[in-house]
Protein chains: 2
Amino acid sequence: MKLSSQEEYGLRCLLQLARQAPGESLSIPEISQAEGISHHNVAKLLRILRQGGLVDSARGQHGGYTLAKPPNQITVADAINVLGGRLFDDGFCDHFSGDGDNCTHSLAACSVRALWGQVQQAVDQVLAKTTLDDLLRQGHALASEDALLEISA
Amino acid sequence: MKLSSQEEYGLRCLLQLARQAPGESLSIPEISQAEGISHHNVAKLLRILRQGGLVDSARGQHGGYTLAKPPNQITVADAINVLGGRLFDDGFCDHFSGDGDNCTHSLAACSVRALWGQVQQAVDQVLAKTTLDDLLRQGHALASEDALLEISA
DNA sequence: TTCAATCTTGACTTTTTCGTCAGGATTCAT
DNA sequence: ATGAATCCTGACGAAAAAGTCAAGATTGAA
């Protein structure tokens, strides 16, 4: 239950773009240098983000990348979903191959499934409340109790 | 941001043990058959759980595994910590190698760090409230709103 | 003692994920 | 047109995770 490298670096690339003034774009080499990630890897991450609809790209001499929406309309949950998928995907119980056909024979397996659903909800409630803009402006303030209290709202 | 296979299967093994009457043990082949995991893999998972102090083992002809504590004293958080480590470990910012020395030069990087801390808290609050015993007895009831409301407690 | 059932360990193989690469396509300035 | 700067794509190699294996150690029963 860890962040993948793709999630960590991809989110950093997004944040670099979010720090640009509206209309300004960044090229791969610029992001690469700012984040200390190789050009090739930045290119791959941006490809994923573009295919996920989070960034737009422009080719040519003055090309580069921009966010597809304003930073306050992109949540961290959006980014994670594009970069790494959800904690608990729908095929979960298919992995199971015990002495029954599926998880219905096993109370244990299915109670685990219910738990993950709950964990997923808790995670989503934090991630879906936080936009790129929040991250840039709030910084440390984000970890305050206020935000935690809102989880149950 | 996914559960590792080790976490999923390891937790299932724990739940099998939790379903035994106190004092009863299960052998590797028994768990293997019940969960549809190979003997070897079950052995590896139980080794990890034993080293983490969650299960006890007995060798010899009537050997097997038992939980180290009653099921209502082992939380899912305990299990995940042993099986897969925490979402956000302390070396997190060391990965960073941008054009400064560490994350202090970059507001973006550090605000991400604050966010993960918050996500970790939210996840822990769900996982630390749920014991193996809860999972066995409650099943679906676990996903009720009651549990969610308690997150902010 | 001898044997069968069981756990223990370290090393190995396979699979998945991550990062890299080379070649191509597009745009714009000259 | 030509060339420089940029993004685009599919395929390759490296690293990490997952799973397997073989040989050994312990226990209890016959």
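Proteins come first, then strands; the chains are lettered A, B, ... in the order of their sequence lines, and each starts at number 1. FYI, side chains are in, hydrogens and waters are out, and symmetry mates aren't considered; it's all heavy atoms of this structure.
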In whole angstrom, give the distance that lies between atom CD1 of A:Ile28 and atom P of D:dT9.
-> 12 Å

Indicate, with a heavy-atom threshold strictly under 4.0 Å, whether B:Ala43 touches base, sugar-phosphate, or nothing.
-> nothing

note: B:Leu45, atom CG; D:dT20, atom C1'; distance rounded to Å ~ 13 Å

A:Ser25 vs A:Tyr65 side-chain heavy atoms within contact, under 4.5 Å | no

If we ignore angles and hydrogens, is there a donor and acceptor under 3.5 Å between the side chains of B:Asp134 and B:Thr131?
-> yes

Mind calculating the distance between CD (A:Glu30) and C1' (D:dA5) to the nearest angstrom?
-> 12 Å

Do A:Leu127 and A:Thr75 come close enough that some side-chain heavy atom pair is under 4.5 Å?
-> no

Counting only non-hydrogen atoms, which of residues 46-57 of chain B are less than 4.0 Å from DNA chain C?
-> B:Arg47, B:Arg50, B:Ser57

Distances for protein N or O near nucleotides 13-16 of chain D N or O, under 3.5 Å:
none

Using atom types as modelled and distance alone, determine if a side-chain donor or acceptor of B:Lys2 lies under 3.5 Å from a backbone N or O of A:Gly84.
-> yes

In whole angstroms, the gap separating P of C:dT8 from CG of B:Asn41 amounts to 16 Å

Roughly, in whole Å, what's the span from CD in B:Gln6 to C1' in D:dT20?
-> 14 Å

Between B:Ser27 and A:Arg59, which is nearer to the 5' end of DNA chain C once each is assigned its nearest nucleotide?
-> B:Ser27

Check whether any side-chain heavy atom of A:Val42 sits under 4.5 Å from a side-chain heavy atom of A:Glu35, and report yes or no.
-> no

Per nearest nucleotide of DNA chain C, the residue lying toward the 5' end, A:His39 or B:Lys44, is B:Lys44

Would you kindly give the NZ-to-C1' distance between A:Lys2 and C:dC18, to the nearest whole Å?
-> 16 Å

To the nearest Å, how far apart are B:Leu3 CG and D:dA18 C1'?
-> 15 Å

Test side-chain contact (heavy atoms from CB on, under 4.5 Å), reference B:Ile74, set B:Val55, B:Asp133, B:Leu67, output is B:Leu67

First encountered from the 5' end of DNA chain D, between B:Glu7 and B:His40 | B:Glu7

So do A:Leu3 and A:Ile80 actually touch side chain to side chain, heavy atoms under 4.5 Å?
-> yes

Any chance the side chains of B:Ser38 and B:Asn41 put a donor and an acceptor closer than 3.5 Å?
-> no

Between the main-chain N or O of B:Val76 and the side-chain N or O of B:Thr130, is there a donor-acceptor pair closer than 3.5 Å?
-> no

By a strict heavy-atom criterion of less than 4.0 Å, which residues belonging to residues 60-71 of chain A are in contact with DNA chain C?
-> A:Gly60, A:Gln61, A:His62

Does B:Ser5 make a side-chain N or O approach to OP1 or OP2 of D:dG19 shorter than 4.0 Å?
-> yes

Do side-chain atoms of B:Gln20 reach the backbone of B:Leu17 as a donor and acceptor pair under 3.5 angstrom?
-> no

Side-chain contact, heavy-atom cut-off 4.5 Å: A:Leu45 with A:Gln6?
-> yes

Side-chain heavy-atom pair A:Glu7, B:Met1 within 4.5 angstrom cut-off | yes

